[in-house]
Q: 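Shown below is the structure under consideration.
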Amino acid sequence: LGQAGSFAYGVRERRQVHWSPTTFGLFDFDPGPSPPSAEELWTRIHPEDVAAVRQARERAIRDKCEYVARYRAVHRDGSIRYLQSAGRPW
């Protein structure tokens with residue numbers, strides 16, 4: 001089954017500024033008042049996928065174009081979730 005979460009990345013702030021409760025769960029973080037740090041988030045993305053996700057994000061910011069990335073999230077128990085993120089810089 002699919003699940004949809006939402007997030008907002010502040011281009012000026014260069015950080016995540018909002019995560020929905022579902023997004024916390026998709027990355028296996030405990031919900032909190034603010035999203036995890038970038039360092040914490042990168043630890044949950046499969047090491048083989050990090051470079052491609054970073055490139056997609058940076059290209060979207062630089063070119064002000066749509067962002068689409070497919071990657072694996074690694075949960076604390078070692079299980080893998082297949083995710084897709086899409087959005088547009090604001």
Side-chain angles (χ1 to χ4, degrees):
L1 288 181
Q3 292 182 325
S6 63
F7 68 93
Y9 179 82
V11 174
R12 285 189 199 106
E13 297 90 346
R14 305 283 298 169
R15 66 178 179 85
Q16 301 285 334
V17 294
H18 168 78
W19 274 24
S20 69
T22 302
T23 301
F24 280 96
L26 290 170
F27 287 95
D28 193 30
F29 284 107
D30 295 324
S34 60
S37 69
E39 294 79 23
E40 292 171 311
L41 176 58
W42 292 119
T43 68
R44 297 292 169 86
I45 296 176
H46 194 285
E48 293 176 2
D49 300 337
V50 169
V53 173
R54 285 183 192 260
Q55 287 175 342
R57 184 190 67 183
E58 292 304 317
R59 183 174 44 253
I61 292 168
R62 181 187 66 240
D63 298 342
K64 298 180 178 143
C65 64
E66 185 175 302
Y67 164 86
V68 177
R70 291 185 179 140
Y71 51 93
R72 294 164 284 181
V74 182
H75 283 207
R76 290 175 277 194
D77 65 3
S79 62
I80 303 286
R81 301 294 186 273
Y82 293 85
L83 304 179
Q84 177 175 307
S85 295
R88 191 166 203 50
W90 46 274

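Side chains included, hydrogens not; waters and symmetry mates left out as well; all remaining heavy atoms used. FYI, the numbering just counts along the sequence from 1.
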Q: Donor-acceptor pair, R44 side chain versus F27 backbone, under 3.5 Å?
A: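 Such a contact is found between R44 side chain and F27 backbone.
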Q: Can a salt bridge be assigned to the pair D30 and R76 using a cut-off of 4.0 Å between side-chain N and carboxylate O?
A: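 The answer is yes: the pair qualifies as a salt bridge.
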Q: Taking atom CD of Q84 and atom OH of Y71, what is their separation to the nearest 0.5 Å?
A: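 Answer rounded to 0.5 Å: 9.0 Å.
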Q: Is a donor on one side and an acceptor on the other found under 3.5 Å between the side chain of H75 and the backbone of D77?
A: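 Not confirmed, H75 side chain does not pair with D77 backbone.
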Q: Going by distance alone, is a donor N or O of one side chain under 3.5 Å from an acceptor N or O of the other, for T43 and E40?
A: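 T43 vs E40: no donor-acceptor pair found between side chains.
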Q: Between atom OG1 of T23 and atom NE2 of H18, what is the distance when rounded to the nearest 0.5 Å?
A: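 Those atoms lie 7.0 Å apart.
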Q: List the atom of R72, the atom of Y82, and the distance in Å for their closest heavy-atom pair.
A: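 Closest approach of R72 to Y82, heavy atoms only: CG-CE2, 3.5 Å.
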Q: Report the distance from atom CD1 of I45 to atom CZ of R54, rounding to the nearest 0.5 Å.
A: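 Output value for this atom pair is 8.0 Å.
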Q: Is there a donor-acceptor contact under 3.5 Å from the side chain of T22 to the main chain of G5?
A: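 Absent.
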Q: How far does CG of D49 sit from CZ of R70, to the nearest 0.5 angstrom?
A: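 CZ of R70 is found 12.5 Å from CG of D49.
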Q: What is the minimum heavy-atom distance between R88 and E66, and which atoms define it?
A: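 Distance-wise, the nearest heavy atoms are NH1-N, 3.1 Å.
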Q: Rounded to the nearest 0.5 Å, how far does CZ of R62 lie from CZ of R57?
A: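 Going from the CZ atom of R57 to the CZ atom of R62 covers 12.5 Å.
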Q: Which heavy-atom pair separates F24 from S34 by the least distance, and what is that distance?
A: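 Smallest heavy-atom distance, with atoms named: CZ-O, 3.6 Å.
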Q: Assess R59 against Y67: is NZ or CZ under 6.0 Å from the centre of the six-membered ring, and within 45 degrees of the ring's axis?
A: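 Cation-pi check for R59 and Y67: fails.
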